[in-house]
**Q** 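Once you've had a glance at the structure underneath, I'll fire off some questions.
Here the structure is a predicted model, which is why all the values come from computation and not from measurement. Here is the naming used below: chain letters follow the sequence lines, and residue numbers restart at 1 for every chain.
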2 protein chains.
Amino acid sequence: MVNRLTCKLEAFGPLPEADRFLLDEVIRSAQAVGPRTDLIREGQTPSDVNLILEGFACRYKVLPTGRRQIMAYLVPGDFCDLHVFILKTMDHGIATLSACTVVKISRARILELMERPAIAKAFWWAALVDEATLREWLVNVGARKAEQRVAHLLCELLLRLRTVGLTTGNQYELPITQAELADTVGLTGVHVNRILQRLRADGLITLRSKNLVILDEERLKAFSNFNPNYLHLAEQDGLPEQCL
Amino acid sequence: MVNRLTCKLEAFGPLPEADRFLLDEVIRSAQAVGPRTDLIREGQTPSDVNLILEGFACRYKVLPTGRRQIMAYLVPGDFCDLHVFILKTMDHGIATLSACTVVKISRARILELMERPAIAKAFWWAALVDEATLREWLVNVGARKAEQRVAHLLCELLLRLRTVGLTTGNQYELPITQAELADTVGLTGVHVNRILQRLRADGLITLRSKNLVILDEERLKAFSNFNPNYLHLAEQDGLPEQCL
DNA sequence: GTCGAGGGCTGATATAGTTTAGGCTGGAAG
DNA sequence: CTTCCAGCCTAAACTATATCAGCCCTCGAC
């Protein structure tokens, strides 16, 4: 099995052989989790760190009105709750969207990994990129209009999934319902539906049965004003071979 | 001069005498910065860490459309860019809103502080709270309606400023223009104006010449659905005496 | 093969928020 | 004392998005 975590971390910089080996050890004991299942709920105190290996999960909050806001997508290679070590209780929930495979990593194990300087630095980088992504989402929801919001999100996912080797060309699996998309961009399902149609009509994308094709990457990026700087990817021509 | 940084960090937990002393050293060489001035721009590579001692600053991005989104308020005691150590270039700008006094702290100095376990842990905590706040802002803009957005923001600021001793009862200085408020909650100036009037008419707040009074704290919190859990403040009855 | 449910799609109507434009006020500058 | 300007406030027309209600597929369970 391809180690998506390694793929992701190497987008920051290459890791020593020994570190890669260590990271392979860590993802041994994966477990399957069904779709729409809470991994951890608001108010709970997590003990382990969850790492996504396959599928999509999300951070979310639910307001008393019933409105749910999704605050992050967690895709293969992403940690769910590295902050375990400092904060006692979760201020938000984490749930799977599609079916996932997940590893629970103990604090002890994480601390062990953190002793490797290259890994520690890469973990830091990953945490900071998560925060930068969150900022971009705020911009997206606060300042862009509906059509560009979803276009921007689709661009972001293209890059993120590409760095973990989960795209084929300009195409990737998006195992997400329109209602869930709506909850992430702050719109209604109805409206998201109409926007997707417009994007299709404009010849920008194809989306059928959870399979997204970006027909014109440059045009979609231009249209949504996508600037990848916030992902802080190292400028390298290709992926490490083990991620292809 | 009261050390707002210490006040803030002690909201997480008490610091040893020696650490407090060290933090006092650090804020010696403060400098004044005028209102509406960039502290650092998108694309630049910062060398020092900025710490706000007085006044309000913000993180922001400007879209090609001209629309600006404010992504965080930085109030006394807040660090601007602790991520200096890992990420090379800024993916957003930081600017003062009001006139500020700011200290520039060198990397070396920060590393020195980080050797103190209590301080290191408190810095971590502060960074994580910043991220949690960002998440809450995303919820605010994505899921709440205009009137509650503004109300929620005012509640948050009340708590944040209270922990650094900058409130008197339910009252604080909000040195911010309505247009800036609009840029932070993702609305137009016109609309923010109307909303402020409604909040006044409902007897929830008073706002005159940058001076905000929250007339009924409980009602405002209930109205805006404010849950302070994301600020992760320790449950303590009062402030350390030096912050009063 | 039928049934039922979830997801995608559609149209009509309602509303929140934007845009534009203009007037008012109070304080800073001359 | 006047002028000027930024910030605040208001009004009216407009538009993006929400709401509501319902239809139609598809696919898996039975």
**Q** Below 4.0 angstrom, N of the basic side chain to O of the carboxylate: do A:Glu131 and B:Arg135 qualify?
**A**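 Not counted as a salt bridge, because no side-chain N and carboxylate O are separated by less than 4.0 Å.
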**Q** Mind calculating the distance between CD (B:Gln178) and C1' (D:dA6) to the nearest angstrom?
**A**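 It works out to 12 Å between those atoms.
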**Q** Rounded to whole Å, how long is the line connecting atom CZ of B:Arg208 with atom P of C:dG26?
**A**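 Answer to the nearest Å: 12 Å.
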**Q** Which class fits the ring pair B:Tyr73 and B:Trp137: parallel under 30°, tilted 30 to 60°, perpendicular over 60°?
**A**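 Taking B:Trp137 first and then B:Tyr73, their aromatic rings stand perpendicular (interplane angle over 60°).
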**Q** Is any side-chain N or O of A:Gln197 closer than 4.0 Å to OP1 or OP2 of C:dG8?
**A**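 No, no such contact exists.
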**Q** Take the protein atom CG of A:Leu196 and the nucleotide atom P of C:dC9, then report the distance between them rounded to whole Å.
**A**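 In whole Å, C:dC9 P lies 8 Å from A:Leu196 CG.
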**Q** Less than 4.0 Å between a side-chain N and a carboxylate O, is that true for B:Glu136 and A:Lys61?
**A**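 A salt bridge is present here (some side-chain N lies under 4.0 Å from a carboxylate O).
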**Q** Quick one: which of A:Thr96, A:Val75, A:Asp78 gives a side-chain contact (heavy atoms from CB on, under 4.5 Å) with A:Phe56?
**A**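 Of all the options given, the one that passes is A:Val75.
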**Q** Nearest whole Å is fine: how far is C:dA16 P from B:Gln148 CD?
**A**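 Taking CD of B:Gln148 and P of C:dA16, I get 12 Å after rounding.
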**Q** Write down the distance between CD (B:Glu180) and P (D:dG7), rounded to a whole number of angstrom.
**A**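 It works out to 8 Å between those atoms.
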**Q** Which parts of nucleotides 15-30 of chain D does protein reach within less than 4.0 Å, heavy atoms only, written one letter per nucleotide 5' to 3' as B for base, S for sugar-phosphate only and - for none?
**A** -SSSBB----------
**Q** Are any of the side-chain nitrogens in A:Glu42 or A:Arg59 under 4.0 Å away from the carboxylate oxygens of its partner?
**A**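 Answer for the salt bridge query: no.
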**Q** Is the distance from OP1 or OP2 of D:dG7 to the nearest side-chain N or O of B:Arg36 less than 4.0 Å?
**A**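 Checking B:Arg36 against D:dG7: at least one side-chain N or O falls below 4.0 Å of OP1 or OP2.
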**Q** Going by an N to O cut-off under 4.0 Å, is there a salt bridge joining A:Glu156 and A:Lys221?
**A**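 Here A:Glu156 does not pair with A:Lys221 in a salt bridge, since their nearest N and O are not under 4.0 Å apart.
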**Q** Indicate whether OP1 or OP2 belonging to D:dC9 is found under 4.0 Å from a side-chain N or O atom of B:Arg200.
**A**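 For D:dC9, OP1/OP2 do have a side-chain N/O of B:Arg200 under 4.0 Å.
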**Q** Rounded to whole Å, how long is the line connecting atom CG of B:Leu181 with atom P of D:dA6?
**A**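 Atom-to-atom, B:Leu181 to D:dA6, this comes out as 20 Å.
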**Q** Just how far, in rounded Å, is P of C:dG8 from CG of A:Leu174?
**A**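 A:Leu174 atom CG is separated from C:dG8 atom P by 10 Å.
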**Q** Any chance CZ of A:Arg219 has more than 12 other-residue heavy atoms, nucleotides or ligands included, within less than 6.0 Å?
**A**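 Buried by this count: over 12 neighbours within 6.0 Å.
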**Q** Is any side-chain nitrogen or oxygen of B:Asn193 closer than 4.0 Å to OP1 or OP2 of D:dC8?
**A**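 No, outside the criterion.
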